[in-house]
Amino acid sequence: MIAKSLDLYNFRNYHKIHLDLHPKKNIIIGNNGTGKTNILESIVMIADTRSFRADDDQDLILKTEDTARIDLKVDDDLYRMIITNSGKTLFINNTTIKRSSDFIGKVNAVLFKPDDLEIFTRGPRYRRRILDLEIGKMSKKYLEALLTYSRLLKDKNALLKEDVINDIYLKALEERMILPIKILIEEREELIKYIDQNISRYYESLTDQKEDIRIIYKRSCEADEEKIKDMIDNDHRRDLFYHYTVSGPHKEDITFMFHGSDVTNYASQGQKRLVMLSFKLAIVEYIIKKTNEKPILLLDDILSELDIENKERLLKILPKDIQTIITATDIQNIKLDSEYRLFRLEKRRNTSDQREE
Ligand SMILES: Nc1ncnc2c1ncn2[C@@H]1O[C@H](COP(=O)(O)OP(=O)(O)O)[C@@H](O)[C@H]1O
Ligand SMILES: [Mg+2]
């Protein structure tokens, strides 16, 4: 998929900005604080319907204004999000889209950002969120299973906290959980297996070094209805004791291994960065395989962190004809071929202007 143009109104530090995007490479140059990440964030809002850094959507609206708008034209369709203090509204070609699951995944973008390394340091919840986000964009079935499971889990945990527990209701909730659990485990397993089989190859193309890298799925159960039922039954007493559902997809995790040791404690910072990039590149390849569409790649400030060699290799191994938007503080560290468009952001009081070269 190709994003043709982006228009922002009162989004973050932009009062109004229009970018005509190049189908291949777009480079956004600007000093710190000029709004480079804000541009990528607006595209992620359209892709995922939520931000990777704002906890509150209100932060996305230009201070002193009350409504922000993002218009992203992708192929022949116009995707629009309007953010006000009472929430956000989604549109495709001027038609309101009520359910976010009908919007998520229509535009697929993969963001590479410096703090992606948090995947190694933060807790399991963070890693599950990444899995859910990536798979959810490719599979509506997964997204719906996730919504159903979360709702049932919430009801079950609330029930487990009551003084007198209605066993029939509890059993009914558990029964309805089986199918969504199966879907979640199945699809997580498929993605993780694919990454596991390909991550070392990407690492090698980035570094020219052969390393044994694995990603391990710590699943709660096999993706089999009988086994899931057994897991639920076996945990029944512990659930009652802890007043909480002790196992299931909401407890799963992934671990990255580098020559048999946990990457978190074993690999250097530079190696972690390359493992992370290899992980993302494997996801991009998986998305292309599953959806038959090339996602838009957003590279936020990551080139500045790589050695010249890794940088050049990264730009070289990106899938062919994939649209990329790269941000950087200066252009010196980017080797350019002929097909690109350059945008320079300049700070003017509280908003930024953009100059196209
Ligand atoms: N809601 C908002 N209203 C006005 N300015 C904002 C808002 N949110 C963020 N900003 C400004 O955006 C700038 C940061 O933009 P960012 O895209 O992170 O910059 P960078 O170019 O370093 O990536 C900061 O100057 C910040 O004050
Ligand atoms: Mg930034």
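Residue numbers count from 1 along this sequence. Read the numbers this way: they start at 1 and go in the same order the structure lists the ligands and their atoms.
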### Query
Should G35 be counted as touching ligand 1, given the test is an N or O pair under 3.5 Å?
yes
### Task
Run through the protein N/O/S atoms less than 2.8 Å from the Mg ion (ligand 2) and write them out by chain and number.
T37 OG1
#### Entry: Carboxylate-amine/guanidinium contact K36 D301, below 4.0 Å
no
### Query
Between D230 and K227, is there a salt bridge with N-O shorter than 4.0 Å?
no
### Residue part near ligand 1, for E65, under 4.0 Å between non-hydrogen atoms
neither
### Message
Give the atom numbers and elements of ligand 1 that come within less than 4.0 Å of a heavy atom of I61.
### Response
1 (N), 2 (C), 3 (N)
### Query
Quick one: ring pair (Phe, Tyr, Trp, His ring centres under 6.0 Å) partners of F120, sequence neighbours excluded?
F256
### Query
Which atoms of ligand 1 have any heavy atom of N38 under 4.0 Å away?
12 (O), 13 (C), 14 (C), 15 (O), 16 (P), 17 (O), 18 (O)
### Message
Only heavy atoms of N32, strictly under 4.0 Å: list the atoms of ligand 1 that pass.
### Response
22 (O)
### Summary
Quick look: L345 vs ligand 1, heavy-atom contacts under 4.0 Å, and the answer is neither
### Task
May I ask you to list the atoms of ligand 1 that are less than 4.0 angstrom from any heavy atom of R53?
16 (P), 17 (O), 18 (O)
### Task
Look at the aromatic rings of F258 and Y203 and report parallel, tilted or perpendicular, splitting at 30° and 60°.
perpendicular
### Query
To which of N13, D59, D301 does the heavy atom nearest atom 5 (N) of ligand 1 belong?
N13
### Message
Looking at K156 and D239, is there a salt bridge between them, counting it only when a charged N and a carboxylate O are closer than 4.0 Å?
### Response
yes
### Message
Heavy-atom pairs closer than 4.0 Å: do any link ligand 1 to the side chain of T327, the backbone, both, or neither?
### Response
neither
### Query
Any Lys/Arg nitrogen of D48 or R50 sitting under 4.0 Å from an Asp/Glu carboxylate oxygen of the other?
no
### E186/K182 ion pair, N-O < 4.0 Å
yes
### Message
Keeping N13 on the side-chain end and T34 on the backbone end, is there a donor-acceptor pair under 3.5 Å?
### Response
yes
### Message
Working to the nearest 0.5 angstrom, can you tell me the gap between T95 OG1 and N93 CG?
### Response
6.5 Å
### Query
Where does the angle between the aromatic ring planes of Y149 and H250 fall among parallel (under 30°), tilted (30 to 60°) and perpendicular (over 60°)?
tilted
### Message
I'd like to know if R128 pairs up with D253 as an ion pair, taking the criterion as any Lys NZ or Arg NE/NH1/NH2 lying under 4.0 Å from an Asp or Glu carboxylate oxygen.
### Response
no
### Query
Is it the side chain (CB and beyond), the backbone, both or neither of D300 that lies under 4.0 Å from ligand 1, heavy atoms counted?
neither
#### Entry: Over 12 non-hydrogen atoms of neighbours within 6.0 angstrom of OH in Y244
yes
### Query
Does ligand 1 have an atom under 4.0 Å from some heavy atom of I39?
no
### Query
Just which atoms of ligand 1 are under 4.0 Å from any heavy atom in N31?
21 (O)
